[in-house]
Structures are given as C-alpha cells and as structure tokens.
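Below: one structure, written as structure tokens.
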Amino acid sequence: MTRSAIGWLCLCLIGLPCAPALAQKKAPGGAKVLLLSGGQREHHGYREQAFYLTAELENTGRYEVTLTEEAAVLDTPALAKYDLVVAIADRRAPEIKLTKAQQLALVAFVQSGKGYVSIHGGDNAPADWEPEFKLMLGGVFSHFGLPDGKVRKGDYTVKIAQPDNPVAKGLSDFPLKDELYYHLQMTPGVEPLAVVEFEGVAWPIAWTQTFGKGRVFHTVFGHRDFGPDKDDPLRNPGFNRLVLQGIDWAAGKR
C-alpha cells in the first residue's frame, strides 16, 4: 500500500463516529448492583436499555453497577458481594432460562436482607419457575396456569395508588406509552403501588413487598423494542423516577 493510500485510510478511520465507552464508576459506600440483562435477541432492546439504566444508576453516585447477560453468577459465592439484583430481561428461551438453583439462590439472597428489582420482562414466568420464586416476585406474567397473561401496547395514564409509599414520593399521575401486561398471576395480599385503567379494570403495574428480611420492587412496564432508534420508557420522566425510587427503596436507600 502506498503512503498516500495509508494516509487516506487513516483519515477515513478518524472520521468514523465512535461509540462512547462505558467505564464503571466508583461509589464509595454505595450499594453494589448486579444488573442482569440478556434475553431474546431482536425482540427487546435489552442491551441498549441496560447501558442506559447503568448510566442512570451510576450517575446518582449511590451505586456501583456490574452489568451481565449471563445468569451463572447467581448460584456462585460471588452473588453475596452484591446488595441488589436488578433483572430487566425475560428468560423463557431454553438457553437462557434461570435454573432451579439460580431461582432458589435469588430467593435466599432476598430473604437474607438483600434487594431485588424486576422490570417488565423480568416477570415472564415459564412453566418451570419455582413457587418460591414467583411468591417472592409478587406477581408474574405467564401462559402457564390461570389467569392467562395478556399484552397490549398503547398510551396509558399511570395512576399512583399509594401516594404515601416512599417509592411514590413526589410522583403524580403521568402519561406513558408502553406495553401493558395484564391478567397477571398475583400473590394474594400484594397491593399495587400504581395502576392503569384498561377495559374498565385498574390493572396493577407496579408494587413493592418485603420478603424475608429483603425488599422487592416490580413494574410490568419498561418495554423497549429492539434497535438503536427505539424509544425507551425509562426516558419518560415519570417512569424514570418511579423506577429509580423503586431501586432506591429495594436497596434500602429510602
């Protein structure tokens, strides 16, 4: 290759847009978060959403985030170093299903006093989910058992049902374009923190509960389609605040 050709190639490479590299941020005294992404490819934009949520959490200065798409860490001693697990992806496909050991490890993790946050697809329950795991989550979207879960994309008004709950502090009702899971299989006694009205029913879309010594927050909203140009509900100011305050609560930060 001639010198002129090499120079031209270098100029071309310099001109290419570069994606920003994500560097983990330190948060002395902050909670250690394991953010569990993954799930079906070209179905949800889990990876893009994971990058966005990681930045949102680290920018608070309250969290150190480890991002992974592999669930194998859940049934290893490494899980104990985390204060909180945040799950954002469905794991129904055979190659990425949570094993029985991984499910029960998460149950023990929360019962010991740790936090668990589940967003949207994190509640998608295949037939082999352990009863204790479903009980810990408080409600699941499933086609196994009754009720049979339903899905509808649309524009909704999120209504705060528990304004005194610390997760709802400062929040009022807000509009959100998202994918609603409804006809969920709910654990008796779980009270919705927020609801949306559809077909004359106030469907639960977020709730909190204690489980053993730990805390659990879940929202059925948070669907992000696949692709870099797709909207992420986490960028909606009202929903963003609900999720971040839910994470704060589960981590014992409020």
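The structure displayed is predicted, hence computed values, not measured ones.
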Between atom [atom1] of [X] and atom [atom2] of [Y], what is the distance when rounded to the nearest 0.5 Å?
X: W249; Y: T208; atom1: CH2; atom2: OG1; result: 4.5 Å
X: H120; Y: Q49; atom1: NE2; atom2: CD; result: 8.5 Å
X: K134; Y: D123; atom1: NZ; atom2: CG; result: 12.0 Å
X: T219; Y: I88; atom1: OG1; atom2: CD1; result: 13.0 Å
X: Q102; Y: T76; atom1: CD; atom2: OG1; result: 9.5 Å

Would you say the side chain of [Y] lies within less than 4.5 Å of the side chain of [X], judging by non-hydrogen atoms?
X: E56; Y: L244; result: yes
X: L193; Y: L242; result: yes
X: L84; Y: F217; result: no

Of all heavy-atom pairs between [X] and [Y], which one has the smallest distance, and what is that distance?
X: P192; Y: A161; result: O-CB, 3.6 Å
X: V86; Y: L53; result: CG1-CD2, 4.1 Å
X: A89; Y: G38; result: CB-O, 3.3 Å
X: P126; Y: R92; result: CD-CG, 4.2 Å
X: I160; Y: A168; result: CG2-CB, 3.7 Å
X: H223; Y: D178; result: N-OD1, 3.0 Å

For this session: Report the hydrophobic cluster partners of L104, with the cluster defined as I, L, V, M, F, W, Y residues connected by side-chain heavy atoms closer than 4.5 angstrom, directly or transitively.
Result: none

Problem set entry | Residues clustered with V85, ILVMFWY side-chain links under 4.5 angstrom | L34, L36, V73, L74, L79, Y82, L98, L106, V107, F109, V110, Y116, W129, F133, L135, M136, L137, V140, F211, V216

Membership question, hydrophobic clusters at under 4.5 Å side-chain separation (ILVMFWY): are [Y] and [X] in the same one?
X: L171; Y: I205; value: yes
X: V201; Y: Y182; value: yes
X: L184; Y: I119; value: yes
X: V220; Y: W203; value: yes

Which residues pass the salt bridge (Lys or Arg N to Asp or Glu O under 4.0 Å) test with [X], not counting sequence neighbours?
X: E197; result: K159
X: D231; result: none
X: E64; result: K32

For this session: Would you check if the side chain of D90 reaches a backbone N or O of G122 as a donor-acceptor pair within less than 3.5 Å?
Result: no

Exercise. Do any N or O atoms from the side chain of E130 and from the backbone of E132 form a donor-acceptor pair under 3.5 angstrom?
Worked result: no

Side chain to side chain donor-acceptor pair (under 3.5 Å) with [X]: which residues, sequence neighbours excluded?
X: D75; result: none
X: R235; result: none
X: H183; result: none
X: Q162; result: N165

Exercise. Is a side-chain donor-acceptor pair under 3.5 Å present for Y63 with D83?
Worked result: no

Exercise. Does any pair with a residue in residues 95-122 pass salt bridge (charged side-chain N to carboxylate O under 4.0 Å, His left out), and if so which ones, sequence neighbours excluded?
Worked result: K97-D128

Please set out all donor-acceptor pairs under 3.5 angstrom arising from side-chain atoms of residues 141-153, sequence neighbours excluded.
from	atom 1	to	atom 2	distance (Å)
S142	OG	A125	O	2.9
S142	OG	F144	N	3.0
S142	OG	F144	O	3.4
H143	ND1	D148	OD1	2.7
R152	NH1	Y156	OH	3.0
K153	NZ	D225	OD1	3.1
K153	NZ	D225	OD2	3.4

Exercise. In chain order, what residues pass the ring-ring contact (aromatic ring centres under 6.0 Å, His included) check against H218, with sequence neighbours excluded?
Worked result: W207

Exercise. Hey, mind stepping through Y52 and R224 against side chain to side chain contact (heavy atoms under 4.5 Å, CB included) and telling me if it holds?
Worked result: CA-CA 11 Å; Y52 178 75; R224 188 196 190 283; over 6 Å; no

For this session: Give the ring-plane orientation class for F221 versus F239, where under 30° counts as parallel, over 60° as perpendicular and anything between as tilted.
Result: perpendicular

